[in-house]
Amino acid sequence: MAPVDFVQGTLDVVVLQAVAHGPVHGYDVARFIHEHSDGTLRVLDGALYTALHRLEARGWIAAEWGLSEKGKRAKFYRLTTAGRRALKAEIASWAAYVHAMGKVLSAKPQG
Amino acid sequence: MGANWKWRPYRRVFPSHLDAGVDDELRFHLSERVEALMAEGLSEDAARAQALAEFGDVHDVRRTLVAVDAGIERRRRRTEWIVSVWSDVRYAARTLRRAPRFTLAALTTLGLGVGLASMVIGAADAVLLRPLPYHEPERLVSLHEITRADSAYYSVAFASLRDLERQGRAFAGLAGSSLRARNLTGRGQPQRVWSDIVSPNFFDVLGVRPFLGRAFRRDENTAGRNRVAVISYGLWEQLGSDPDLLGSVVRIDDLPHEIVGVAPLGFQPPDEFGRREPVALYTPLSIDDDSFAPDNHGDHELNAIARLAPRITVAQAQADVDRVWAWLAKTYPDSNRDLTAHIRPLGADLVHEVREPMLVLVGAVALLWLVASVNLATLMLVQFIGRQREIAVRTALGASRPRVLQMLVVQGAVVALAGSAIGLAFGMALIKVFSRLVPTDVPRAVEMSIDWQVAAAVIVLSIVAGIAVGLVPAWRVSRAAVSDTLRSAERRMVSASAVRWRSILVTSEIALSLILLTGCALLLKSFVTLVGVDLGFLTDRVLTMRIELPGSRYPTADDRLRFFEQLASRVGALPDVQAVAFANRFPLRGGWGGGMYLADQRERMIEVDLQAVSAGYFATLGIPVLRGRGLETSDRTGSLPVAVVNAAFAAKYFPDRDAVGRHLLRNEQEPSITIVGVVGDVRRAGKAEPVAPGVYLPAAQTALYPVRLADFAIRSSHDPHALVPSIQAAVLTIDRELPIGNVRTLSEVVGDSLALRRLQVGLISVFAALALVLTVVGVYGVAACAAAQRTVEFGVRVALGATPSDILRLVLTQSAALIAGGLVVGIAGALAFARWMESLLFEVRPHDPATLAAVSLLLVAVAMVASYVPARRAARIDPADALRAE
């Protein structure tokens with residue numbers, strides 16, 4: 001499958017999902033997205049950082065400085081309670097969307 | 001790595017730690033990526049190129065991140081600040097709970113100051129500032145006629161108003177109105193109500209639309225067509241709030257009137273302002289109603305209002321009025337020779353008599369508020385000094401000075417907020433009492449309230465004052481060096497600057513109190529002088545009343561005379577009635593002035609107070625006959641025209657001759673009038689008014705005077721009010737349709753005329769007393785504090801041989817210096833304040849030295865006593881104890 005660009009507004013959901021499982025730094029977030037989409041979702045790393053900081057400003061994720069597994073100083077992100085709630089809602093609405101799309105696209109037009 | 005990024009310029013815009021954070025984060029990302037790519041086998045250069053390519057525009061991303069982070073940082077700081085203020089608020093609340101004496105004193109001081117201030121400001125706002133409830137009230141003016149000789153204000157003659165309507169050019173509309181009590185029957189219980197008889201365009205001039213129905217039509221001003229009425233909203237409610245009331249007929253003074261409209265809720269005509277009884281109905285003024293003498297320019301019966309034409313100023317309108325009155329003076333010299341007219345903005349006119357008393361009250365309460373604030377400042381200073389050690393500990397533990405300042409300022413604000421909330425609640429209760437206490441001639445008293453604007457202003461001012469008075473001591477206290485305070489904490493050492501600051505506060509408190517006390521004393525002295533003024537006539541047990549005889553049944557002066565003579569003989573026969581009299585007006589109930597000539601000086605017209613009175617007038621009022629005789633019942637039309645003059649007249653025009661036997665002329669054609677007696681002077685217009693030369697003409701010589709007989713009076717041996725039913729019965733046996741109105745004893749009238757002054761003096765006395773108490777507390781506090789601070793020094797002095805009286809003298813000298821300083825400033829302020837309120841003083845000069853001396857002495861004595869108590873305690877010190885305290 002050829003790589004596709006992010007649909008407007010969907011990057012935030014992916015970033016929230018990437019930080020959902022505990023403090024991760026920006027580089028981890030980028031790797032997570034590349035690996036789990038098998039390279040299909042194409043995004044510049046810079047855009048990920050912009051999304052991270054904007055989500056922080058919105059209060060959905062919190063950031064603090066820590067040490068990476070290799071012992072380097074890095075900024076770690078985690079979901080806040082508000083972020084977790086937002087992510088849940090986004091996932092549910094995505095699932096509904098995908099389900100509806102699948103149903104429509106697998107149906108055969110009649111007449 | 002990334003050394004060539006061009007981001008330096010942004011360092012100036014954002015705090016460097018934000019830049020550094022973003023840079024560290026991006027650097028970490030890129031280095032991780034480069035490492036990973038190199039692990040996959042790329043060369044370092046290729047890896048870096050790919051990492052940058054995957055990243056995008058580093059410069060652009062970085063700029064965005066720094067901006068987003070700056071926003072996060074701003075919000076974080078704001079939250080932090082709010083949290084710190086909130087914790088200060090809770091801390092202040094705890095501190096205040098732990099210091100109940102301070103809290104009680106501070107809240108009482110502020111509550112009193114704010115309560116009284118909000119009451120007075122709310123009252124002044126209602127009376128002086130709120131716009132009149134009419135359309136474009138600033139375009140409305142009132143019109144009065146004034147006499148050239150003594151500038152007395154009169155209502156406007158109906159005829160003159162109509163001439164102005166025809167000839168004036170500056171007005172969009174002119175209307176007159178006249179209040180009258182009338183009988184309302186034919187619907188519900190018969191009742192006596194106040195009515196306003198108004199020009200048909202009255203509502204149009206005010207720009208007020210009826211709530212229901214219509215106002216009057218232009219042509220409803222003739223005897224046949226004026227049987228229509230607009231009723232007040234209150235009367236409409238009282239009659240059942242029934243829309244079908246429109247078109248129904250009620251009887252007003254026994255004549256059927258159709259109700260055509262209902263005035264809006266809360267509507268008051270301008271002549272109702274300053275009255276307690278509401279006006280219940282309006283009927284159109286008829287051009288052929290005899291009681292308004294449509295062709296007589298000498299009867300001043302109407303309260304006149306006008307709306308200025310567009311773009312016309314008050315000055316231009318005045319010029320227009322001057323032109324018309326000049327024409328009137330030429331055309332009707334008999335009545336208008338000495339009259340001009342004056343227009344005033346309606347709002348100012350309605351309050352012109354209470355404006356100054358209200359402003360002086362505002363000034364007085366402002367002074368009290370200042371004293372209270374200063375007192376609060378001294379309380380706070382003491383409280384802060386008591387906490388100096390705690391503050392030093394905080395500072396030592398790392399609290400910055402702004403942080404400590406914030407804590408103390410927040411405490412000031414909390415005290416101010418709590419105090420002003422208590423004060424406002426107090427003020428709201430007070431203003432209800434106040435609006436009931438103010439005399440009926442204060443306009444809009446019923447509207448007095450503390451509205452949200454006044455409340456907001458008072459709260460904001462209190463908080464600003466609270467912060468301001470908290471800030472200075474807080475600044476002083478927070479400045480004290482940590483180590484010094486901690487080391488000397490046991491000694492409770494108070495910094496010298498704090499004592500200096502307290503001294504300044506107490507000095508200003510004394511000065512402010514002196515100003516307030518002086519104003520109070522001057523008003524009190526005026527009031528006592530005024531109450532003591534002899535009116536020159538009896539007021540006790542003299543009951544006066546108004547009986548308006550309708551022109552339809554009493555067309556001539558002789559008809560009216562006959563009615564009153566009959567009434568006098570009937571009422572005079574009642575038990576307990578000692579004397580009866582009638583006149584055009586009795587003293588304190590209006591009057592009549594006019595021109596006369598002395599028979600031997602015909603070229604010079606003199607302006608005198610003229611009254612037409614019955615023979616019993618002088619006996620009823622107890623006015624002594626000084627020379628010659630009084631008026632007799634035999635002085636009638638057909639006998640010799642006679643007059644009695646007052647002592648002031650005799651002294652002014654016949655200073656070296658006997659006035660009795662001299663002759664007067666009303667105007668040149670009429671017969672000469674012989675002066676037959678001289679009577680004592682009276683103050684017709686009230687205690688504060690001067691005595692004018694006066695001439696009394698016999699009521700039975702009707703050709704001598706143009707005014708109507710309308711006032712009737714009795715003097716009784718007991719409570720005269722008990723006689724009212726018998727008098728009314730006597731009136732009804734002569735004429736079944738005559739009401740009597742305005743029934744009051746002269747002492748009631750005198751009491752009412754002093755009511756506003758009495759209230760004002762009472763209030764200012766309360767303010768001054770409170771200021772005095774606060775000052776005593778302040779002086780006591782500062783003396784006690786200063787004495788405590790010098791305990792060790794006194795101990796040493798006593799140990800070295802100083803006697804207790806030496807110590808006493810030492811402390812008192814310090815207090816005396818403060819008091820003297822306050823006195824000097826206060827006297828200067830008091831002189832300025834007294835000059836400002838000069839117009840309210842009665843026969844007392846604003847710089848009255850006796851008053852100033854008395855007030856200063858009082859203040860000095862009280863302040864010295866207040867500082868003597870702590871001084872004596874200091875003087876009794878045991879040197880061993882004092883030194884052990886070291």
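In this structure, the side chains of A:K75 and B:D24 stay at 4.5 Å or more apart for every pair of heavy atoms. With a 4.5 Å cut-off on side-chain heavy atoms, B:L26 and A:Y49 count as touching.
Although no hydrogens or angles enter the test, the distance criterion places a donor-acceptor pair under 3.5 Å between the side chain of B:R75 and the main chain of A:A57.
By the neighbour-count criterion of 12 heavy atoms within 6.0 Å, atom CZ of B:R98 is densely surrounded, having more than that number from other residues, nucleotides or ligands. Taking a 6.0 Å sphere around NZ of A:K72, one finds it holds more than 12 heavy atoms contributed by other residues, nucleotides or ligands. Summarising the local packing, CH2 of A:W65 is surrounded by more than 12 heavy atoms from other residues, nucleotides or ligands at distances under 6.0 Å.
The two atoms that bring B:F55 and A:D45 nearest to each other are CD1-CB, 3.6 Å, heavy atoms only. A pairwise comparison of heavy atoms in B:L65 and A:H53 identifies CD2-CG, 3.6 Å as the closest pair.
Heavy-atom distances place no part of A:A63 under 4.5 Å from chain B, backbone and side chain included.
When each of B:T64, B:V61, B:D57 is scored by its heavy-atom pairs under 4.5 Å with chain A, the top score falls to B:V61.
A perpendicular orientation is assigned to the rings of B:H29 and A:Y27, their planes being inclined by more than 60° (bins at 30° and 60°).
Ion pairing between A:R31 and B:E32 fails under the 4.0 Å rule for side-chain N and carboxylate O. Contact check on B:E25 versus A:R73 returns no salt bridge, with no Lys/Arg side-chain nitrogen under 4.0 Å from an Asp/Glu carboxylate oxygen.
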